[in-house]
J.: 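The structure follows.
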Amino acid sequence: MNESTRREFLKGAMLATGGLAVSRFALANTSSDHRLVVVLLRGALDGLSAVPPYGDPDYARLRGAIAIASPAAEGGAFQLDGTFGLHPSLAFLHESYRVKELTVIHAVATPYRERSHFDAQDVLENGGNRPHQMTTGWLNRALAALANGASREGGVALGNNVPLLMRGPAKVASWAPSTLPELSDDTLQRLTDLYANDPVLGKRLADALANDAIAEAAARDAKLAAEDAGTAATPARRRRGDARQLAETFRTAAAFLTRPEGPKVAVLETTGWDTHANQGDANGQLALRLRLLDGALRELRAGLGGAWAKTAVLLVTEFGRTAAINGTRGTDHGTGAAALIVGGAVNGGRVIADWPGLSNRALYQGRDLAPTMDLRSVLKGLLSDHLQVPTAWMDRQVFPDSAVARPVRALVRA
Amino acid sequence: MSTHDPAAAIAANRFGLGARPGELKRIGSDPRGWLEVQLSGGAPKLEAARLQPSYRVLAQVIELRRSERDAQSGSATLADAGMRLMQLYRPIYLAEAHARLAAAVESQRSFVERLVHFWANHFAVSSDKRSVTGIVGAFEREAIRPHVLGSFGAMLRAVEQHPAMLLYLDNHLSAGPNARGAAPVDMNGETDAAPMSSVRRRLEARRARRRPRGLNENLAREILELHTLGVDGGYTQTDVTTFAKAITGWSVSGSRGELGLRDPGRFEFKHAWHEPGTKTLLGKRYTQTGVAQGEAVLDDLVRHPATARHIATKLVRHFVADEPPASVVEQLAAVFRDTDGDLPSVYRALIRSDAAWVPTLAKFKTPNEYIASTYRALDWPVADEPRTLASFILLGQRPWTPGSPAGWPDRAADWDGAAAIYKRIEWADAMASRIGARRSAADAAAAALGGMLTDATRTAIARAESNAQALTLLLAAPEFMRR
């Protein structure tokens, strides 16, 4: 075993021997039917376009050609309240807001204050105060509290590789779609034997086989549903291909989450939010990506069926973008961002923001939306109220050194 | 050397792209020598009839955009060129990806090919940005290959002045706030013109399109954060902005639709967009004017100790271990500093370090390495272009498409998810059934892995029910998945 895996193994062992302590804490009612989905928006989603503060007196001036028009205007934002709107591409999210299933959070950020995507994503996922502080993710550490010594995975990561957010001592599954012919059972058996002495490959193979079974079931169900509805499966063409793949991945997440004895937490990742040039306004690059995301969330709800009522979907990004439009009709890396929580379990229909304004004085370093909330406050509130992660575990293991971030309460319905 | 000595196999697999049949025998008992001799063979050129220089591709793009714009009144940017652009790009991209894999598979100097891939990933551009899709391959051939066995400083300058990098990170549009030619453009992109004739309006619109819009910091930031000093290299936001100003005017001829240009698609220093004046960054004053100012900054970045450390760390992480051993990093950084970034000297230090020869296979192969080493081990001809590309897409490493200027990640955890490994096995199985009995699995195992082949794998291959299945087991074996 090389250095890094030995270290991880030891960490896992330490957590396990703190294991008696774990089970004491984890006696909490794990409300086994509550589900959490975390969607990572990699690349720094522009919160000032996704949730435009149209009512802020400085907004239109700063954003110029890429400002989202106010709700009163043609093609303007959906209205949330007198200050904030939703980008006009986010139709499903707007519907959710109206039935009080969406909460919008603004001017929020992790403790990270530089502007490197990669380090910021590391902080977003490790749950600490700085990059590379931990080599595990806060969500995995939270799952470790709920594991109860169970052998099944508490979480699933959809995508080829497991993101930092889901790495750690708790077992998680991973899955991504495939188009090749199936391996024969005999070959699979021989491979299993060949991997007997390789702990990493052995486990990966076993997991992959288990997950494929789940996904296959989901695909069959989706096909049947489409046949019932009389909608034939159209061949994926290039543009539609991207949308279909995103939608398919979100639907598969739903399939994992609705399996009996299946994971209750899923992580999805999307990219393409780094709009430095030609960002667009109500139309254009960003608008298109938001529309795809919105559509995929709708698919997720459809796939969850009745389970939606007990589900919360958290959408987060590593930081926001500059308040002013830049020299190439886009925006650069910023600080304060927006976050969204949508789902049947969400105590929604509101905007949570201690809005600092966008005046020159108010901007962070004269350029970015200033953050007025630590994102971990939101994460803590969600983990404790929705997944019943015990407070002591949260403070010591999931978000160590985060006393400054007091949990936001009542994010979900009782 | 006994057949159980892994050193030859380590040279071929860890440093190279996997052993071709007969290669381990040729490496024999001097694996270090085999590697060092590759460094003296001259720059690894890649030329083929169908590969076009980047400026020619860009000239076609510019022409396409102009004809689109003339056809309709809207102002098309490079990004809006749409369908016809993709039709232009696709055969170019396929040809380049195919040529690159063919070079990787056939090369007798696979260590040097690995280095080409390493540097192209260090100075990553990504094909998913439409303005560079057609030239990502040419970029590697023009800016990386000629300098892989030369000086870091020469590579750095070639890269940062290559149209692909300038377009990818939007520097071609960047202009200084006080630049001579920067007409103040109102936030909404409107001019304050009085009512004008439609001819004048069109002329004015054309001029407006050609005006720069303002300062863009993207390239400057990534040069500091990713290409040279590294994220902990000790630069500030002010340094980023100042550096961005120093490289204003570093642009691409014809990228703004200028008419009647004789030489579009090349590096062009647009004097009128350059932010004039002395700049102070990283504690040093730069009084040079014009293009020399930014070049002087680059020269100093090469000599900055943080750069030596950053490059050394990346090299050691790539070749030795996900967590680079500090002593090896120190060693390489010292050589980099002492030689002002002479790359062969740094490579030699790597070859001569003991840590790089540890028999434990610490690095998980990336899809790129996995596919190349499979073709090499089996001496299989590289498939036609669409199928080749499909393999890379399937395994998650579309050529030149890391999706960010940070390039593809370089740790096991980034590549060894259950789903990824399973796909790799499925792909291997598909290859194996295509090859059938035409390549002996037992022979390939011995020839590719030599002293790294384990008894368990050898036995599994011997007991397989068919040669095809044996090939699957070979390609899925732990010692083939890693290097």
Side-chain angles (χ1 to χ4, degrees), chain A residues 2-4 43 61 64-65 114-119 131 157 159-162 164 167 173-176 178-184 186-187 190-191 193-198 200-201 203-209 211-212 238 271-272 274 276-278 285 325-330 332-333 365, chain B residues 77 79-80 86 128 169-170 173-175 186-189 212-218 221 225 231 237 240 321-323 325 360 362 394-396 403-404 406 411-423 425-427 429-430 433 456-457 460 463-465 469 472-473 476-478 481:
Chain A
N2 65 20
E3 275 311 314
S4 66
R61 168 185 66 81
E114 307 299 327
R115 296 195 181 82
S116 156
H117 282 305
F118 323 109
D119 280 359
N160 275 327
N161 294 291
V162 177
L164 177 63
R167 289 189 215 154
S174 86
W175 180 89
S178 168
T179 50
L180 284 174
E182 285 180 18
L183 291 160
S184 75
D186 181 65
T187 301
R190 290 169 193 256
L191 280 168
D193 294 340
L194 192 58
Y195 289 167
N197 292 321
D198 193 307
V200 172
L201 290 175
K203 180 164 192 337
R204 299 285 189 266
L205 179 59
D207 290 347
L209 292 171
N211 298 339
D212 253 19
R238 192 189 148 70
T271 57
D274 194 24
H276 282 282
N278 296 311
Q285 262 193 71
I325 186 176
N326 69 12
T328 48
R329 296 183 155 234
D332 296 313
H333 303 173
Q365 293 185 350
Chain B
T77 63
D80 294 341
M86 294 320 291
D128 55 330
L169 294 177
D170 308 307
L173 299 170
S174 183
D186 168 274
M187 280 299 189
N188 291 316
R213 297 256 176 67
L215 187 70
N216 188 298
E217 294 181 359
N218 217 358
R221 173 183 304 286
E225 179 182 328
V231 72
Q237 173 60 45
V240 172
D322 290 353
E323 296 303 321
T360 320
L394 185 79
L395 296 191
S404 98
R411 290 179 173 84
D414 300 303
W415 296 108
D416 69 357
I421 287 181
Y422 195 72
K423 277 211 205 132
I425 297 173
E426 285 183 316
W427 179 82
D429 197 55
S433 48
T457 303
R463 292 194 187 147
E465 64 179 12
Q469 190 185 59
T472 301
L473 295 171
M481 289 278 198

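On a predicted model such as this, the values are computed, not experimentally measured, just so you know. Per chain, numbering begins at 1; letters A, B, ... match sequence-line order.
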J.: Does any heavy atom of chain A fall under 4.5 Å from the side chain of B:Arg411, the backbone, both, or neither of them?
T.: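 Contact with chain A is absent: no heavy atom of B:Arg411 under 4.5 Å.
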
J.: Say you draw a straight line from CG of B:Leu173 to CZ of A:Arg329; how long is it, rounded to the nearest 0.5 Å?
T.: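 B:Leu173 atom CG to A:Arg329 atom CZ measures 11.0 Å (nearest 0.5 Å).
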
J.: A:Asp186 versus chain B, heavy atoms under 4.5 Å apart: side chain, backbone, both or neither?
T.: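 When you check distances to chain B, atoms from both the backbone and side chain of A:Asp186 fall under 4.5 Å.
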
J.: Who pairs with A:Asp332 by salt bridge (Lys or Arg N to Asp or Glu O under 4.0 Å), at least two apart in sequence or on another chain?
T.: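 By the salt bridge (Lys or Arg N to Asp or Glu O under 4.0 Å) rule, A:Asp332 matches no residue at all.
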
J.: Determine whether A:Asn326 and B:Asn216 make a side-chain contact, defined as any pair of heavy atoms from C-beta on separated by less than 4.5 Å.
T.: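 A side-chain contact under 4.5 Å exists here.
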
J.: Decide yes or no for B:Tyr422 and A:Asp207: does some side-chain heavy atom of the first lie under 4.5 Å from some side-chain heavy atom of the second?
T.: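 Side chain of B:Tyr422 against side chain of A:Asp207, heavy atoms only: no contact under 4.5 Å found.
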
J.: Measure distances from B:Ser404 to the heavy atoms of chain A and classify the residue's part below 4.5 Å as side chain, backbone, both or neither.
T.: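 B:Ser404 touches chain A through side-chain heavy atoms alone.
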
J.: Non-hydrogen atoms of chain A under 4.5 Å away: do they reach the side chain of B:Glu465, the backbone, both or neither?
T.: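 For B:Glu465, the contact with chain A is made by backbone and side chain together.
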
J.: Residues in ring-ring contact (aromatic ring centres under 6.0 Å, His included) with A:His333, at least two apart?
T.: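 For A:His333, the residues satisfying ring-ring contact (aromatic ring centres under 6.0 Å, His included) (neighbours in sequence not counted) are A:His117, A:His276, A:Phe319.
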
J.: Check each atom of B:Ala406 against the heavy atoms of chain A and say whether the ones under 4.5 Å are side chain, backbone, both or neither.
T.: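 The answer is both parts of B:Ala406.
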
J.: Report yes or no: does A:Arg190 contribute a side-chain atom to a donor-acceptor pair with the main-chain N or O of B:Arg463 at less than 3.5 Å?
T.: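 It does hold such a pair.
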
J.: Of all of B:Asp414, B:Leu169, B:Asp170, B:Thr472, which one pairs up most often with chain A through heavy atoms under 4.5 Å apart?
T.: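 The candidate making the most pairs under 4.5 Å is B:Asp414.
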
J.: In Å and rounded to the nearest 0.5 Å, what is the CD1 to CG distance from B:Ile425 to A:Leu191?
T.: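 Going from the CD1 atom of B:Ile425 to the CG atom of A:Leu191 covers 5.0 Å.
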
J.: Tell me the closest heavy-atom pair linking A:Arg167 and B:Ala413, and the distance in Å.
T.: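 Closest approach of A:Arg167 to B:Ala413: NH1-CB, 3.2 Å.
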
J.: Measure distances from B:Ala477 to the heavy atoms of chain A and classify the residue's part below 4.5 Å as side chain, backbone, both or neither.
T.: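 The answer is both parts of B:Ala477.
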
J.: What are the two closest heavy atoms between B:Ala418 and A:Ser174, and how far apart are they?
T.: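 Closest pair (atom of B:Ala418, atom of A:Ser174, distance): N-OG, 3.3 Å.
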
J.: Quick check for you: among A:Ala277, A:Gly330, A:Ser116, A:Pro131, which has the greatest number of heavy-atom pairs under 4.5 Å with chain B?
T.: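 Counting heavy-atom pairs under 4.5 Å, the top option is A:Ser116.
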
J.: Looking only at heavy atoms and a cut-off of under 4.5 Å, which of B:Asn218, B:Thr457, B:Val231, B:Asp128 has the most pairs with chain A?
T.: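 Among the listed options, the one with the most contacts to chain A is B:Asn218.
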
J.: Taking side chain as everything from C-beta outward and backbone as N, CA, C, O, which of these in A:Thr271 sits under 4.5 Å from a heavy atom of chain B? Side chain, backbone, both or neither.
T.: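 Neither; nothing under 4.5 Å.
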
